[in-house]
Amino acid sequence: MESKGYRWSRRAVGFVALLLVAATVVLGLWITPPDVVQGQLVRLIYVHPPVAWVAYLAYGVTSICSVLYLWKRTRNLKWDLLAASSAEVGVIFTGLTLITGSIWGRPAWGVWWTWDARLTTTALLFVLYLGYLALRRVPADNHQRAVRSAIAGLIAFIDVPIVHQSVVWWRTLHQSATVLNATLSPKIHGEMAMTLLLGFIAFTFVYVWMLMHRYQIADMEQSVLDVELEQLIEERQREPETYSDQTVLTQDVDQIDQPSKV
Amino acid sequence: MWRDALLIAAKDLKIELRSKVTMNQILPFAFVVLIVFAFALDTSPGTLAKVAPGLFWLAVLFSSVFGVDRAVAIETNDSAGEGLLAYGVDPGGIFLGKVISVFVQLFLLEIFLLLGVVVLYGPKIGGLPLMAISAFFATLGLCAAGVTYSQLASASRAKQTLLPLLLVPVASPVLLAGTKAWQDAFSTAASLGDPWLRLLIVFAVVYLALGAIFFGSILEG
Amino acid sequence: MNGYVEAGYLAVLGVLAGYSALLLGRSRKMKKALLPVKVKEKRSEPGPTE
């Protein structure tokens with residue numbers, strides 16, 4: 001169960017995240033000046049790259065947790081639940097990266113989508129981790145699911161540079177300046193740079209809060225499953241022969257058999 | 001490990017010789033795919049010839065999904081895979097055996113499919129050494145990644161829908177690199193130092209290693 | 001501004017708020033679901049003394 005310290009730190013992180021996001025929005029939409037080249041459109045820079053950064057951070061966390069589960073010395077079901085939680089949050093942020101990128105691309109490049117290397121990699125990443133989450137929904141016992149999804153998570157992460165390299169070569173001739181290059185350019189206004197940095201921090205806090213919350217839910221779901229299983233075993237040992245009990249048992253078994261949502 | 005791998009491969013190929021699933025179902029399917037591509041695109045001369053390498057590799061990718069699914073299903077039905085482990089067969093050997101068996105089937109399918117592409121789409125083929133070598137590594141990579149993912153998805157009751165979702169994004173570099181390598185082979189600039197061929201080799205080596213390392217854990221876990 | 005900027009910010013804030021609401025809802029549901037389990041455990045304790 002949730003400890004008091006965990007609950008309070010989660011609330012504190014949530015509060016800070018809320019404040020920072022509000023500040024980013026206010027600064028990004030109203031305080032910072034419009035850009036010389038991009039005009040008002042530049043305001044999207046305060047949300048799009050930070051959201052993309054969080055997506056990569058989340059997948060990084062998933063991979064580290066997968067390794068920690070696969071390594072026998074650090075094997076603990078907690079790593080598996082954390083990997084799953086981080087992947088789910090990562091998929092949300094990857095989706096947002098694609099949406100905001102598309103919204104930005106339309107006025108900036110005149111198209112909703114362009115076959116740029118970074119865009120294509122992000123789209124494939126989105127599908128890769130949707131697959132990872134789908135694999136997690138396959139009913140199996142805890143250890144089996146944990147091992148399989150840890151391997152899948154790890155392979156997906158190893159695949160990312162291969163995918164990226166292939167699409168970079170594929171698009172070499174059409175490569176246009178991508179968003180991140182613009183942010184790294186030294187010409188960026190001081191106020192704007194600060195807001196961008198704030199955006200990175202704000203969305204990272206949002207990620208941490210979501211991860212803590214999602215992990216908490218996964219942990220509770222897991223303990224519900226475990227308690228149900230313990231009760232089943234207990235009931236079976238205590239009264240093995242009454243007819244009415246057996247019908248109750250089969251109902252319970254059906255419930256446990258259902259795909260878990262962890 | 002290698003002895004086990006050859007035994008498993010021989011067993012699976014014997015099963016294929018008797019059941020002829022790849023022969024009678026997957027190969028005809030690949031041909032149908034070639035035909036419906038022509039419906040989806042344009043039949044005017046030149047168009048199909050130009051995109052022929054891409055269509056070929058797409059048809060191979062689709063076929064490989066069925067091929068690896070079939071190879072793993074042989075063991076998961078009746079929990080035969082657990083039996084093999086209980087006999088002391090090396091899990092890495094099972095993996096390599098499956099890869100070899102699917103590889104042989106898929107490579108033969110590709111030869112037939114290439115004949116179909118030449119007849120139906122009429123591309124100007126050339127650069128045979130580059131074509132053959134890139135096809136070899138592309139197929140090897142596809143089989144290695146495919147067998148691994150197929151085993152990962154095998155516990156699912158919905159594995160027919162789960163496997164393509166897992167495998168196709170992972171294998172997309174093979175589709176891309178295979179297509180580009182063949183385009184290079186068909187053009188005059190065919191050389192064995194082709195960067196796409198290098199990518200195919202890296203992919204095959206990485207997935208063979210990953211599969212050999214993890215296959216045992218997937219089987220037991 | 002120009003519509004696109006607003007749409008971008010709305011999308012980010014909307015999706016994140018929606019997901020947060022979903023998390024909070026699920027968390028509340030799970031906490032409720034865990035409660036009856038505790039009650040059951042307490043009830044089963046006097047079992048052997050009967």
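What you see below is based on every heavy atom in this structure, not just the backbone, and it leaves out hydrogens, waters and symmetry mates. All chains are named by letter (A, B, ...) in the order of the sequence lines, taking the proteins before the strands, and each is independently numbered beginning at 1.
Counting non-hydrogen atoms of other residues, nucleotides and ligands closer than 6.0 Å to OH of C:Y9 gives a total above 12. Heavy atoms from other residues, nucleotides or ligands lying under 6.0 Å from CH2 of A:W112 number more than 12.
With a 4.5 angstrom heavy-atom cutoff, C:L16 touches chain A via backbone and side-chain atoms both. Interface residue A:V25: backbone and side-chain heavy atoms are both found under 4.5 Å from chain C. Only the side chain of A:I99 comes within less than 4.5 Å of a heavy atom in chain C; its backbone stays farther off. Looking at A:V21, only its side chain comes within 4.5 Å of chain C, counting heavy atoms on both sides.
Contact between A:M220 and A:S223 at its shortest, heavy atoms only, is O-OG, 2.9 Å.
Heavy-atom pairs under 4.5 Å with chain C were tallied for A:I92, A:T100, A:V42, A:V89; the largest tally goes to A:I92.
The pair A:R136-A:E88 does not meet the salt-bridge criterion, since no charged nitrogen lies less than 4.0 angstrom from a carboxylate oxygen.
Checking side-chain atoms of A:S85 against main-chain N and O of A:L211 turns up no donor-acceptor pair under 3.5 Å.
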